[in-house]
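Structure first, commentary second.
In what follows, chains carry the letters A, B, and so on, assigned in the order in which the sequence lines appear, proteins first and then strands, with residues in each chain numbered from 1.
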Number of protein chains: 2
Amino acid sequence: MNILEKITQNKSAFSKSERKVADIILANPQTAIHSSIATLAKMSDVSEPTVNRFCRRLDTKGFPDFKLHLAQSLANGTPYVNRHVEEHDGPDEYTKKIFESTMASLEVARQSIDINIVNRVVDLLTQAQKISFFGLGASASVAHDALNKFFRFNVPVVYFEDILMQRMSCMNSCEDDVVVLISHTGRTKSLVEIAQIARANDATVVGITSKNSPLSRECNLVLSLEVPEDTDMYMPMASRIAQLTLIDILATGFTLRRGGKFRENLKRVKDTLRGSRFEKRTDN
Amino acid sequence: MNILEKITQNKSAFSKSERKVADIILANPQTAIHSSIATLAKMSDVSEPTVNRFCRRLDTKGFPDFKLHLAQSLANGTPYVNRHVEEHDGPDEYTKKIFESTMASLEVARQSIDINIVNRVVDLLTQAQKISFFGLGASASVAHDALNKFFRFNVPVVYFEDILMQRMSCMNSCEDDVVVLISHTGRTKSLVEIAQIARANDATVVGITSKNSPLSRECNLVLSLEVPEDTDMYMPMASRIAQLTLIDILATGFTLRRGGKFRENLKRVKDTLRGSRFEKRTDN
DNA sequence: ACACCAAATGTAGTAATTTTACAACTTTTT
DNA sequence: AAAAAGTTGTAAAATTACTACATTTGGTGT
């Protein structure tokens, strides 16, 4: 995707003159996007068609199209080509990289989401008698967060960390209940079992998990998030952020569906917290 | 900076025909950057010079320059100008808006972070005898997530939801303990009290909270995150994502500080989970 | 070492695109 | 109601990018 990355990668496949062009562009990409093909050719000390051929080699339609791609790469705030954290990275580098990769993952997640399913899940949630959120490990905190959000809506909402409690809760579920199961991989055995139990008791099971996973096959509805996880760190990071954002979306859809008066009620819930807080000074 | 925002802002200052152009571009910016001035003029049902004049009114050098700016704005992940969810928004709109506002908030958060403090906090954490993560309400799930991450590092790590448990834990803390307190507003009374208790017992208190808040004044180190929160929804959304990303950064810094061997250990922790999961089919 | 072939590069002309200059039309003001 | 200011479109000019072809370069086999 990123064209600057592409240039450095393919550099070896370029010809001598094309490499001249590549060097000039990499050295000063900001100037490149504001130059015509003629000036760029002169700067690189090659002919204009060479610049054009260079652009095509990078799978762009031509020079103007190349400039567009380049402009986008520069805009992303991704001067750093590699978003993966490396051994020798200092705090400034890994901070930058983690922010950038998180944002990039959100972008990917956004594109992978099926709006129709979002809508249907919101439908289900608004009509539910009881809503349960279950997840294990890293996804437990996501379920925890969902509890916090939906609790404000004054609907019966359930969350357990303990798998036995989760099972018991699902055994007692009935037709108008919705069980939301969260798992990045969708391979956690006990969650799959819980999905089965919930369905056996006529509850509707919604999975926030990956497509074609064992868990997804047990769900009535699957909100799949295809998030590239940086496996170097051996920790779920981006996937969990995407799940949380999805929770935000469901919660938002929920409040919108309930209408304006409902939102006023939310405000009251928030105001209730005031007693537990220090007042904000009004002099700033 | 962002040209799409600029268009909607200046929309009232435009002439009738220019507004036609603005509408077409706002409706389909992705198409606009790949069109010539002629096709865009035809789509907007105006003449080519009108499009050109439109571009100049937005302080660009001309149509190609305008396309460059537009491309950059789109790359930034900010196609829709208004990121605030509104009453009448459909699922596609609020989904898009929430993703975009979340990403935008991360960008703001990134810029507000003080790398030096990140580095010092990582220092503290690597040297800590015991690490505690406490938060209440929406921040509880962030603390919960931090527990999940740091637990993998094989360091004594503590997390409680219950404020009495939090207090007791802090009373028993000693010099080499680090207490991380998470609160978006920094005005939650009991958390401020916990900070005081922890400090009285010689623990180092790190706050993930906003600058100049009551909580921040009680901390030894403050990682301040200035995140614009969309208060219309009366729910913490973006702030919490930023906090989680910060936790990711601290965890990453922690593993990097500990070196390569430590990371192998992490892999083993992850592998241990395998027994509780369904195997991934290898045929895809 | 020379001839030959293929790949690479440049030249010059062509096509597409954008911009300018000016004329016609609309709207507003007096 | 006429003039002025502002807006929009037409057509030509200028810029810019692209194509076809010619030349050069570098490598390979005899």
| Looking only at heavy atoms, what is the nearest atom pair of B/Leu40 and B/Ser35, with distance? | N-CB, 4.4 Å
| message | So which atom in A/Leu125 and which in A/Phe254 form the shortest heavy-atom distance, rounded to 0.1 Å? | response | O-CE1, 3.3 Å
| field | Integer-rounded Å distance: D/dA17 C1' and A/Lys42 NZ | value | 15 Å
| request: To the nearest Å, give me how far apart CD1 (A/Ile33) and P (D/dA17) are. | output: 14 Å
| field | Main-chain N/O of A/Ser36 paired with A/Thr39 side-chain donor or acceptor, under 3.5 Å | value | yes
| request: Whenever both distances are under 3.5 Å in a Watson-Crick or G-U wobble pair, mark it; put DNA chain C into dot-bracket that way, with [ ] for crossing pairs and | when the partner is on another strand. | output: ||||||||||||||||||||||||||||||
| message | I need the A/Lys42 NZ to A/Glu48 CD distance, nearest 0.5 Å. | response | 8.5 Å
| note | Counting primed atoms, P, OP1 and OP2 as sugar-phosphate and everything else as base, the B/S/- map of nucleotides 6-20 of chain C against protein heavy atoms under 4.0 Å is --SBBB------BSB
| Atom-pair distance (CZ on A/Phe66; C1' on D/dC18), nearest Å | 17 Å
| message | Under a 3.5 Å distance rule, please check whether A/Gln72 uses its side chain to pair with a backbone N or O of A/His69 as donor and acceptor. | response | no
| Check ion pair A/Glu93-A/Lys96 (N to O, under 4.0 angstrom) | no
| remark: Value for OG (A/Ser224) from CG (A/Asp114), rounded to nearest 0.5 Å, stands at 7.5 Å
| Could you give all pairs that pass the salt bridge (Lys or Arg N to Asp or Glu O under 4.0 Å) test and reach residues 21-39 of chain A, with sequence neighbours left out? | A/Lys11-A/Asp23
